[in-house]
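See below for the structure under consideration.
Letters A, B, ... mirror the listed sequences (proteins, then strands); counts begin at 1.
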Amino acid sequence: MQSNFWDWKAHYDHQPVETVFDCLIAEFLLSQGKSVPSQELAQHLYGVQTLDELAAKQLAKFQQLPTLYAYFTSLELPMIPVLWQMEQTGIFLDVPCLQQVATEMDVAVTELEQSMKKTVGFEINLKSTVQIGTFLAEKLMVPLQKTKTGKYATNETEISQYAEQFPFIQSLLQYRELTKLRSTYVETLIEAVAEDGRIHTRYTQVAAQTGRLSSSAPNLQNIPVSAGFGQKIKSCFKAAKGKVFLSFDYSQQELRILAHLSKEAALIKAFQEKKDVHTATAAQIFSVKYEDVTKEQRMIAKTINFGVVYGMSSFGLSAQLHIPVDAAQQFITSFYTTYPNIRKYFEQYLTEGKMTGFVETILGRRRAVFEQAGHTTIDNSLRRVLINYPIQGSAADLMKKAVITIHQQVVENNPDCALLLQIHDDLVFEVTDNAQVIEDLTVKVKKMMCEVYPLAVPIEVDIKIGKNWGEMTRI
DNA sequence: TGTAAGTGA
DNA sequence: TGACGTCACTTACAG
């Protein structure tokens with residue numbers, strides 16, 4: 001485990017100095033009188049001889065971009081000590097508990113393996129997509145689609161439609177789920193446990209183009225949530241003795257941000273009245289009363305709500321809902337009839353982006369519209385990326401702002417409370433298991449998260465508590 | 001090293 | 001026409 005801030009910070013040494021943020025981090029390090037071994041990279045990429053020179057160049061750029069500079073100094077720089085503290089603290093993993101889970105998984109895997117190999121009748125590697133595809137298509141005569149490289153597609157959505165017909169496919173899906181969980185999470189996590197019994201992930205500020213954090217070695221932002229073995233794995237992350245986990249999760253944050261950005265009155269109203277936003281959307285697009293929305297209608301509305309955030313097309317929606325393309329198109333049309341300002345917002349936003357060459361988040365984080373010089377058109381793929389950016393990116397902005405405040409005002413120098421994880425919209429703390437402490441933190445942290453930035457809609461936070469990460473209950 | 005697959009938000 | 005929902009990370013196979 002790293003013993004101090006600068007040792008920890010040195011992990012940037014292994015990253016290319018590719019972005020303006022990296023460069024300013026380099027400048028920041030220099031200002032502290034610390035050397036940065038990525039000098040060679042700066043030289044290579046920017047043609048400068050020293051990091052002083054590089055820093056001067058970047059600062060000059062920033063002086064012309066006050067909003068971006070304010071974003072950088074008020075969010076990216078103050079995040080550094082927060083991440084340092086999170087990485088240094090780590091999270092406890094109960095290794096014997098996880099090994100027990102692994103044993104249970106092995107039993108299930110062996111059973112599946114034997115029955116599947118019996119069905120196949122010849123030597124086969126069940127993990128090889130090529131071998132499995134050939135077997136399914138040519139022996140069992142399953143009408144599989146081809147991938148772009150001409151091989152049989154054996155992914156879940158492709159083969160699960162034949163699961164009823166072929167028990168072998170059911171076994172295969174189970175086998176894949178188990179072996180995936182086993183190899184990705186069990187061995188890796190056990191190996192990642194440090195001498196202090198805890199896992200110290202690494203957060204990177206400059207990996208995700210939207211400004212989100214990324215986590216690696218191991219990635220603690222994609223620990224399984226599914227019932228069964230997934231949840232059992234997650235349950236092996238436990239609060240230390242005398243401590244308890246508290247998690248704070250922004251509720252529907254991306255849709256709230258969409259409501260704010262688009263100023264769409266109908267959507268804003270739904271949030272203000274504390275309605276279930278998917279039910280509210282369903283009521284509108286199906287022209288039924290809020291109380292009369294069926295489960296089916298809500299499910300469709302939920303898919304559309306999330307799809308819109310990603311710029312989904314009628315084809316994508318039809319695939320997702322297993323309905324004809326024209327039916328999907330009708331849903332999308334009704335959505336935009338219900339929320340006309342969302343469409344207007346996207347159009348205006350894209351027009352402006354094309355004109356200025358960049359788009360930005362609520363707090364002023366930029367993204368270039370055309371990454372390569374000479375490109376001047378927005379194709380569908382670029383359109384989706386751009387549409388998603390202000391929503392995902394602004395959510396990341398607000399989370400950073402909240403986390404910085406929380407760290408400075410609640411966590412720092414507080415032996416009763418440590419921030420362990422940040423999973424995009426979710427914060428996990430380890431706190432002293434004492435009613436007064438919990439009550440106090442719950443109120444303070446929630447308030448800071450909700451009041452981080454005044455949106456056109458109220459911000460809501462779900463709070464959960466538990467002795468392990470897999471079994472958290474709402475409070 | 002690239003592709004396919006599958007976890008999470 | 002062709003492609004067809006964003007952002008990540010990791011594993012495994014196959015070349």
*Whole-Å gap separating C1' (B/dA5) and CD (A/Q131)*: 16 Å

*Electrostatic pair A/E254-A/R212, nearest N-O below 4.0 angstrom*: yes

*Base, sugar-phosphate, or nothing for A/A319, non-hydrogen atoms under 4.0 angstrom?*
nothing

_Base, sugar-phosphate or nothing for A/G307? Non-hydrogen atoms, less than 4.0 Å._
base

_Does A/Q209 reach a base, just sugar-phosphate, or nothing at all? Heavy atoms under 4.0 Å._
sugar-phosphate

*Using a 4.0 Å heavy-atom cut-off across all strands, classify A/N222 as base, sugar-phosphate, or nothing.*
base

*Is there a side-chain polar atom (N or O) of A/S183 under 4.0 Å from OP1 or OP2 of C/dA12?*
yes

*Answer with base, sugar-phosphate or nothing: what part of the nucleic acid does A/T154 contact at a heavy-atom distance below 4.0 Å?*
sugar-phosphate

*Distance, rounded to the nearest Å, where A/M399 contributes CE and B/dG8 contributes P*: 18 Å

*Is any side-chain N of the basic residue among A/E104 and A/K232 closer than 4.0 Å to the acidic one's carboxylate O?*
yes

*CD (A/Q348) with more than 12 external heavy atoms under 6.0 Å*: no

*Check whether any side-chain N or O of A/T129 sits under 4.0 Å from OP1 or OP2 of B/dA5, and answer yes or no.*
no

*Watson-Crick/G-U partner (both atom distances under 3.5 Å) of B/dA4*: C/dT11

*How is A/D426 classified with respect to the nucleic acid when contacts are heavy atoms under 4.0 Å: base, sugar-phosphate, or nothing?*
nothing

*Nearest-Å distance for atom pair CG/P, residues A/L220 and B/dT7*: 17 Å

_Taking the basic N atoms (NZ, or NE/NH1/NH2) and the acidic carboxylate oxygens, is any pair closer than 4.0 Å for A/E264 and A/K344?_
no

*Which part of the nucleic acid does A/T179 contact within heavy-atom distance under 4.0 Å: base, sugar-phosphate only, or nothing?*
nothing

_Using a 4.0 Å heavy-atom cut-off, does A/Q221 contact any base of the nucleic acid, only the sugar-phosphate backbone, or nothing at all?_
sugar-phosphate

*Looking only at side chains, do A/Q85 and A/T89 share a donor and an acceptor under 3.5 Å apart?*
yes

*Does a nitrogen or oxygen in the side chain of A/R212 sit under 4.0 Å from OP1 or OP2 of C/dA8?*
no

_For the C1' atoms, the ones on B/dT7 and on C/dG2, what distance do you get once it is rounded to whole angstrom?_
29 Å

_Interatomic distance where CD belongs to A/Q392 and C1' belongs to B/dA9 [whole Å]_ = 8 Å

_Length of the CD1-C1' vector between A/I132 and C/dA12, whole Å_ = 13 Å

*Tell me what A/L181 touches on the nucleic acid: a base, only sugar-phosphate, or nothing, going by heavy atoms under 4.0 Å.*
nothing

*Mind checking A/V225 for me? I need base, sugar-phosphate or nothing, with any heavy atom below 4.0 Å counting as a touch.*
sugar-phosphate

*Would you classify A/S381 as touching base, sugar-phosphate or nothing, given that sugar-phosphate means primed atoms plus P, OP1 and OP2, and contacts are heavy atoms under 4.0 Å?*
nothing

*State the pairing partner of C/dT1; accept Watson-Crick or G-U wobble contacts with both distances under 3.5 Å, and report none otherwise.*
none

*When all nucleic acid strands are considered with a 4.0 Å heavy-atom cut-off, which category describes A/Y389: base, sugar-phosphate, or nothing?*
nothing

_Partner of A/E430 under salt bridge (charged side-chain N to carboxylate O under 4.0 Å, His left out), chosen from A/K238, A/R198, A/K467_ = A/R198

_Assess, by modelled atom type and distance only, whether the side chains of A/E471 and A/N468 contain a donor and an acceptor separated by less than 3.5 Å._
yes

*Under 4.0 angstrom, heavy atoms only, what part of the nucleic acid is A/A395 near: base, sugar-phosphate, or nothing?*
nothing

*What integer number of Å spans the C1' atoms of C/dT1 and B/dG6?*
31 Å

*Answer yes or no: does a side-chain N or O of A/S216 lie under 4.0 Å from OP1 or OP2 of C/dC9?*
no

*Using a heavy-atom cut-off of under 4.0 Å over every strand shown, decide if A/K180 touches base, sugar-phosphate, or nothing.*
base

*Presence of A/R176 side-chain N/O under 4.0 Å of B/dG6 phosphate oxygens OP1/OP2*: yes

*So does A/N380 get a side-chain nitrogen or oxygen closer than 4.0 Å to the phosphate oxygens (OP1/OP2) of C/dA3?*
no

